[in-house]
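Whatever order the structure lists ligands and atoms in, that order sets their numbers, starting from 1. Only heavy atoms go into these numbers, but all of them, side chains included; no hydrogens, no water, no symmetry mates.
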Amino acid sequence: MYRMGQMELDEVSKVVMARKMFRVGDPKAGHLQEAVRFEKEWARKIGVKHALLLSGGGTAGLMAGLAGMGIGPGDEVIVPGYTFMASAAAVLMVGAIPVIAEINETMTLDPDDVEKKIGPHTKAIIPVHICGIPSDMARIMAVARKHKVKVIEDCCQADGGSFRGKRLGSWGDAGAYSFNDFKIMSAGEGGALVTDDNAIIERAGIYSDSGTAFRPYVKNIKAPIFLGFQFRATEIMGAVLRMQLKRLEGMLADLRRIRARFVRELGGKPGISFAPSNDPRGDCGVVVAFKFDSEAKARAFATARGVAGWLPIDSGKHVYSNWEPILEHRIGHHPAMNPYLMPQNKKLRTNYTKTMCPRTLEILRRTVYVSLHTDWKESQIRARIAACRKAGECL
Ligand SMILES: Cc1ncc(COP(=O)(O)O)c(C=O)c1O
């Protein structure tokens, strides 16, 4: 997905030659501040005050955000039934309980179902911008504000996307990103948290660096220090991602141009309809989502010659009914650290079934994605659009 090359190599070689790979260091002693510089540049790009780069991926970003909000045992967090299992796993890792909600035809969290599922213990909502498709952040924020719950956006598949001209991750109280090998920007692994909230970023910083108590900047931290994890990013990660950031707008522009061509050239053609979009301009253009009125038609379209489509129902751990460790309450290395067994969580909604979000499953069964690629040549784009047109005509 991502583009990578000489720019990343050059920046990494500076870090290697400086022999300063730990993120904390003195610029006067030749430390390059790559992680800190990326954080400043990423915060500016997203349009928020703070960013924190993490080695533990988007999962660590979500965990640090939830921990920053003070969420833990006794709390429920609403997540969509269609997302990578990590969105729900992060909730469990801070000791809270995920409540699984439906998606709607846009493939993203259904604000109506969220409102129905908010209960007395709900503390946060995690809308997921799956496959770079923006969730309806205006409606989700309205529901969240009405019920006084926090929002942490899972932007792990949507680095750089936006909703109504405002970047994904800047709508909620916090946003989390992934830079693993399957994402729009990558350092192989890695993630980030963003927020405007000073208290969230301070606590998230403490949570993700077990050595906070010994850092030179500890005197500037207002929050009480507690012992956290070790999710510190390396300078190499910072160096790679600073260069990836320089490529981001070009990649998004190319993906969006290809997606717009599919929509323009196939719109209204026999057998073709698209998933409604909350914001086609802000969509990252990672996929084109086609909709059908039956699974049989979806499968026929996906497997037609030259289409190379895929059904999200087949995407394994992105569908809640396959989240076995969660459905079966198998969490943590020790029973006392399993949120499902914690006394504080006894009254929470911990009973899941594989059919609890029927609409989500039904939508995933009759949707087909065609994955788009930044570096497709004109002939490849034309051939793929022609194959989709023909497949639609044959339905
Ligand atoms: C929607 C979503 N959330 C969270 C994550 C977790 O990110 P990471 O693998 O970087 O921890 C991913 C990663 O694939 C994801 O796709």
Of all the non-hydrogen atoms in the protein, which one sits nearest to [atom], and at what distance?
{"atom": "atom 13 (C) of ligand 1", "value": "Lys183 NZ, 3.1 Å"}
{"atom": "atom 16 (O) of ligand 1", "value": "Gln157 NE2, 2.8 Å"}
{"atom": "atom 8 (P) of ligand 1", "value": "Gly58 N, 3.3 Å"}
{"atom": "atom 3 (N) of ligand 1", "value": "Asp154 OD2, 2.7 Å"}
{"atom": "atom 6 (C) of ligand 1", "value": "Thr59 OG1, 3.4 Å"}

No-hydrogen, no-angle side-chain donor-acceptor test under 3.5 Å, [X] and [Y]:
{"X": "Asp181", "Y": "Tyr2", "result": "yes"}
{"X": "Trp310", "Y": "Ser315", "result": "no"}
{"X": "Gln380", "Y": "His373", "result": "no"}
{"X": "Ser135", "Y": "His129", "result": "yes"}
{"X": "Ser210", "Y": "Gln230", "result": "no"}

Item checked: Closest to atom 1 (C) of ligand 1 (judged by heavy-atom distance), picking from Thr83, Ile126, Asn180 ->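 Minimum heavy-atom distance to atom 1 (C) of ligand 1 goes to Thr83.
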Check: Nearest heavy atom to atom 12 (C) of ligand 1: which of Tyr82, Tyr177, Phe179, Phe84 does it belong to?
Finding: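 Among Tyr82, Tyr177, Phe179, Phe84, the closest heavy atom to atom 12 (C) of ligand 1 belongs to Phe84.
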Check: With sequence neighbours left out, what residues match Arg44 under salt bridge (Lys or Arg N to Asp or Glu O under 4.0 Å)?
Finding: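 Counting only residues at least two positions away or on another chain, Arg44 forms no salt bridge (Lys or Arg N to Asp or Glu O under 4.0 Å).
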Checklist line | salt bridge (Lys or Arg N to Asp or Glu O under 4.0 Å) against Glu249, all qualifying residues, sequence neighbours excluded | finding: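 Lys45, Arg167.
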For ligand 1, which atoms have a heavy atom of [X] less than 4.0 angstrom away?
{"X": "Gly57", "result": "10 (O), 11 (O)"}
{"X": "Ala86", "result": "4 (C), 5 (C), 6 (C)"}
{"X": "Ser178", "result": "7 (O), 8 (P), 10 (O)"}
{"X": "Cys156", "result": "2 (C), 3 (N), 4 (C), 5 (C), 12 (C), 15 (C)"}
{"X": "Ser87", "result": "3 (N)"}
{"X": "Val128", "result": "1 (C)"}

Next item on the list: For Lys291 and Phe274, indicate whether the former's side chain and the latter's backbone hold a donor-acceptor pair under 3.5 Å.
Entry: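 Such a contact is absent between Lys291 side chain and Phe274 backbone.
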Next item on the list: Dump the intermediate steps for salt bridge (charged side-chain N to carboxylate O under 4.0 Å, His left out) on Asp10 and Lys14, then the final yes or no.
Entry: CA-CA 6 Å; Asp10 291 346; Lys14 286 186 210 161; over 6 Å; no
